[in-house]
**Student:** 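Attaching a single structure in structure tokens format; questions to follow.
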Amino acid sequence: MSMYSRVSSIPYYLSGLFGLRSEDLLLASYPKSGNTWVRFFLCNLISIQEWDGREVSFPLLDSTMPEFGNSNLLRHWPHDTIPRVVKTHKKWWPIFQGVDAILLVRDPRDVMTSYYFYKCGKVKSKFNGTFSEFIRDSNVGVPAWARHYQSWKSRANIFLRFEDLKTDDIYTFQKLSSAINVDVSKSTIKEAVRRSRFEKMKEVEKKYGVRADEEHFHEESQFMRKGRTGDWEEMFSGSDISYLNNVLEENDIDIYT
Ligand code: PPS
């Protein structure tokens with residue numbers, strides 16, 4: 001992050017400090033765990049219920065669904081369809097106390113694969129190194145994933161797994177909707193799920209472009225890369241897997257092993 005973007009994000013952090021409310025819901029996830037998918041679904045619910053089904057694009061998503069530290073949380077939430085769901089990639093910290101949280105998790109092997117390709121692509125905070133170096137990096141690699149997971153696991157109220165979304169998106173999003181007290185018909189949920197599938201999001205990405213923020217370049221984006229589970233098998237060597245398993249074991253994390 002450049003000095004300019006650090007300084008320009010200060011008002012948003014302050015709005016987060018004073019604007020986060022107990023009726024909000026946090027959507028906590030390590031980068032590349034699928035938060036955009038979940039937010040697309042939620043934004044599609046709003047669109048179907050409140051905007052006559054207008055097509056949701058990435059810019060519309062980002063201007064509707066707030067992110068802690070990146071959006072003005074003092075603003076009124078005008079939507080009745082869903083509670084305000086605030087994205088964060090941050091580890092848990094005391095400011096989040098008293099706000100219910102959804103923890104979205106994805107197999108860290110797929111997270112590392114997705115994050116590596118992302119960080120080697122057209123982003124300003126580019127990673128220059130091999131995949132093996134990336135997963136061992138304390139700031140972005142497996143140690144950072146483990147710290148993030150550890151900080152949230154006993155604090156989150158709702159667990160959501162990327163893999164469950166992949167297995168059955170309709171069932172999993174229906175469960176999420178009732179857990180967060182969304183009162184819409186089953187057919188609305190199904191329609192929002194359909195509008196948030198990988199191919200549809202990829203089409204929307206091509207049509208309207210991706211994000212309008214500091215980090216991303218605007219020309220051809222590859223945000224919607226593969227959206228698969230198990231893609232890691234092409235990336236991890238035997239020693240990479242042993243390394244990851246050791247970090248998970250040291251941190252007493254037994255999911256995905
Ligand atoms: S970010 O940059 O942290 O906000 O990324 P995030 O949205 O958390 O995760 C991006 C990965 O999620 C995949 N994705 C999907 N997969 C399946 N179905 C749908 N609808 C979907 N939407 C996003 C996206 O492709 C990234 O994963 P990879 O493995 O790189 O394709």
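Just so you know, ligand 1 is whichever comes first in the structure, and atom 1 is the first atom listed for that ligand.
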**Student:** For residues 90-105, which side-chain N or O atoms pair as donor and acceptor with protein atoms under 3.5 Å away, sequence neighbours left out?
**Tutor:**
| residue | atom | partner | partner atom | Å |
| --- | --- | --- | --- | --- |
| Lys90 | NZ | Tyr13 | OH | 3.0 |
| Asp100 | OD1 | Asn157 | ND2 | 3.3 |

**Student:** Report the part of Lys87 (side chain from C-beta onward, or backbone N, CA, C, O) that has a heavy atom under 4.0 Å from ligand 1; answer both or neither where that applies.
**Tutor:**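 Answer for Lys87: side chain.
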
**Student:** Name the option, out of Tyr115, Phe40, Trp37, that contains the heavy atom nearest to atom 19 (C) of ligand 1.
**Tutor:**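 Considering heavy atoms of Tyr115, Phe40, Trp37, the nearest to atom 19 (C) of ligand 1 sits in Trp37.
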
**Student:** For ligand 1, is any non-hydrogen atom under 4.0 Å from Ser29's backbone (N, CA, C, O), its side chain (CB onward), both, or neither?
**Tutor:**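 Ser29 to ligand 1: no contact under 4.0 Å from either part.
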
**Student:** Using heavy-atom distances, let me know which of Gly227, Gly34, Ser114 sits nearest atom 26 (C) of ligand 1.
**Tutor:**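 Minimum heavy-atom distance to atom 26 (C) of ligand 1 goes to Ser114.
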
**Student:** Using the side chain to side chain contact (heavy atoms under 4.5 Å, CB included) criterion, which residues pair with Leu74? Sequence neighbours excluded.
**Tutor:**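 By the side chain to side chain contact (heavy atoms under 4.5 Å, CB included) rule, Leu74 matches Ser15, Phe18, Asn72.
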
**Student:** Test of understanding: given a 4.0 Å heavy-atom threshold, classify the contact between Arg197 and ligand 1 as side chain, backbone, both, or neither.
**Tutor:**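 Near ligand 1, Arg197 shows its backbone, while the atoms from C-beta on stay back.
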
**Student:** Answer with side chain, backbone, both or neither: which part of Ser33 has a heavy atom less than 4.0 angstrom from an atom of ligand 1?
**Tutor:**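 Answer for Ser33: backbone.
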
**Student:** Using a strict cut-off of less than 4.0 Å between a Lys/Arg side-chain nitrogen and an Asp/Glu carboxylate oxygen, indicate whether Glu203 and Lys207 qualify as a salt bridge.
**Tutor:**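 No salt bridge links Glu203 with Lys207.
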
**Student:** Does ligand 1 have a heavy atom under 4.0 Å from the side chain of Arg106, from its backbone, from both, or from neither?
**Tutor:**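 Arg106 to ligand 1: side-chain contact only, backbone stays beyond 4.0 Å.
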
**Student:** Under a 4.0 Å N-O cut-off, is there an ion pair linking Glu55 with Lys200?
**Tutor:**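 A salt bridge links Glu55 with Lys200.
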
**Student:** What is the distance from atom NZ of Lys175 to atom CD1 of Ile189, rounded to the nearest 0.5 Å?
**Tutor:**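 Rounded to the nearest 0.5 Å, the NZ-CD1 separation comes out at 13.5 Å.
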
**Student:** Side chain, backbone, both or neither: which part of Phe162 has a heavy atom under 4.0 Å from ligand 1?
**Tutor:**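 For Phe162, only side-chain atoms sit under 4.0 Å from ligand 1.
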
**Student:** So, does Arg39 sit close enough to ligand 1 that a heavy atom of it is under 4.0 Å from the ligand?
**Tutor:**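 Outside the 4.0 Å threshold, so no.
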
**Student:** Give yes or no for whether the N/O distance cutoff of 3.5 Å, strictly under, is met between Thr36 and ligand 1.
**Tutor:**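 Yes.
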
**Student:** Step through it carefully: locate the ring centre of Phe58, locate the ring centre of Phe223, and say whether they are under 6.0 Å apart.
**Tutor:**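 Yes, they do, as the ring centres are separated by less than 6.0 Å.
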
